[in-house]
Amino acid sequence: MNIVVVGPGAIGSLWAYHLHLAGHHVSLWHHNPPESGAMSLALQTIAKQTLPAVSFTTNSHDELANADLLLVTVKAWQVETALAPLLAHLHPDTIIVCMQNGMGATDAIFDKIQHYPLILATTTHGALKTDAQQVCHSGLGQTMLGAANLSGEQCTFLAEVFNHALSEVHWVSDIRIPLWNKLAINCVINPLTAIHQCPNGTLDEEPFRPIINALLSEIASVMGAEGLTTSLEELSLRVHQVIVATKANHSSMKQDVAHQRRTEIDFITGYLIQRAQQHRIAVPSNLHLFEQIKQMEQPWIQS
Ligand code: PAF
């Protein structure tokens with residue numbers, strides 16, 4: 001397939017490299033493209049093996065026009081601004097796959113993209129950019145894909161395409177389920193690690209138990225009101241498993257705050273709060289974390 005990866009950050013670069021290895025024609029779209037028109041990327045695999053650098057074409061309108069698939073891996077708050085200017089260059093059948101932390105990232109642009117086959121994706125792979133030209137695959141995970149509109153439902157074959165590149169990938173009939181389960185994990189781990197500037201594993205310590213419980217019982221209520229079957233016990237188990245599996249990792253929000261970058265809080269806890277308000281459910285513990293993160297990022301968002 002002809003694939004353009006929009007936003008070659010850590011996750012975008014990981015997928016770009018693996019899709020290239022699987023034999024696809026991959027190019028990149030970067031908000032700040034190199035003048036040379038190409039970007040070189042090497043991969044450090046999960047087994048700590050460094051695979052050679054590959055040169056990817058960047059920001060080519062021809063590649064956009066020929067794209068069978070656009071994989072959008074920018075941050076949640078960048079989706080609208082990154083995608084809007086590209087749409088006029090795409091063929092109407094180009095499949096758009098949006099893979100972000102959080103939920104609601106495509107809402108603001110939905111009217112403009114709903115005519116393309118639209119897929120939402122969520123992944124638990126860990127990746128980090130060790131420098132501009134190298135991506136390190138830091139944790140094995142799973143990826144879920146599901147349709148966000150009717151024409152997206154015709155794209156179940158994509159699970160095989162993605163699985164062949166970087167397993168495990170599953171197609172799900174209701175993408176809201178994995179998205180909400182991941183949202184619950186992010187609502188706990190991301191703001192807490194960002195506020196305390198600690199690795200994920202610190203949240204396994206006793207003093208964090210009451211706040212994690214309070215956050216998750218609010219989240220379980222909202223998920224119930226959204227029609228999803230879950231329980232506090234199930235969510236606690238899931239969050240605990242991720243805390244343990246990624247104990248040495250620094251969450252994306254912790255890193256955003258440390259580097260004074262805008263966080264994805266509006267699409268993580270902010271989305272939960274929005275849905276809670278809709279259902280008239282009080283979520284005071286989540287609201288408190290939301291306000292703390294908003295206050296922390298205010299100085300660099302304004303400048
Ligand atoms: O955003 C992140 O950092 C990740 O989604 C997760 C799962 C919390 C692991 O660090």
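Numbers here are sequence positions counted from 1. In listed order, ligands and their atoms are each counted from 1.
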**Study point:** Under the side chain to side chain donor-acceptor pair (under 3.5 Å) test, residues paired with Glu205 that sit two or more places apart
**Key:** none
Point to revise | side chain to side chain contact (heavy atoms under 4.5 Å, CB included) partner of His240, the single match among Leu203, Asp204, Ile212 | key: Asp204
Point to revise | Within 6.0 Å of CD in Gln197, more than 12 heavy atoms from elsewhere | key: yes
Exercise for review: Please check if atom NE2 in His30 has more than 12 non-hydrogen atoms from other residues, nucleotides or ligands closer than 6.0 Å.
Suggested key: yes
Review point. Mind checking whether Trp77 and Met99 sit in one hydrophobic cluster, side chains of I, L, V, M, F, W, Y counted as touching below 4.5 Å?
Key: no
Practice item. Identify, chain by chain and in numerical order, each protein residue with a heavy atom under 4.0 Å from an atom of ligand 1. Key: Asn101, Lys182, Asn186, Ile189, Asn190, Asn200, Val242, Ser251, Ser252
**Study point:** Heavy atoms from other residues, nucleotides or ligands near NE2 of His288 exceed 12 (cutoff 6.0 Å)
**Key:** no
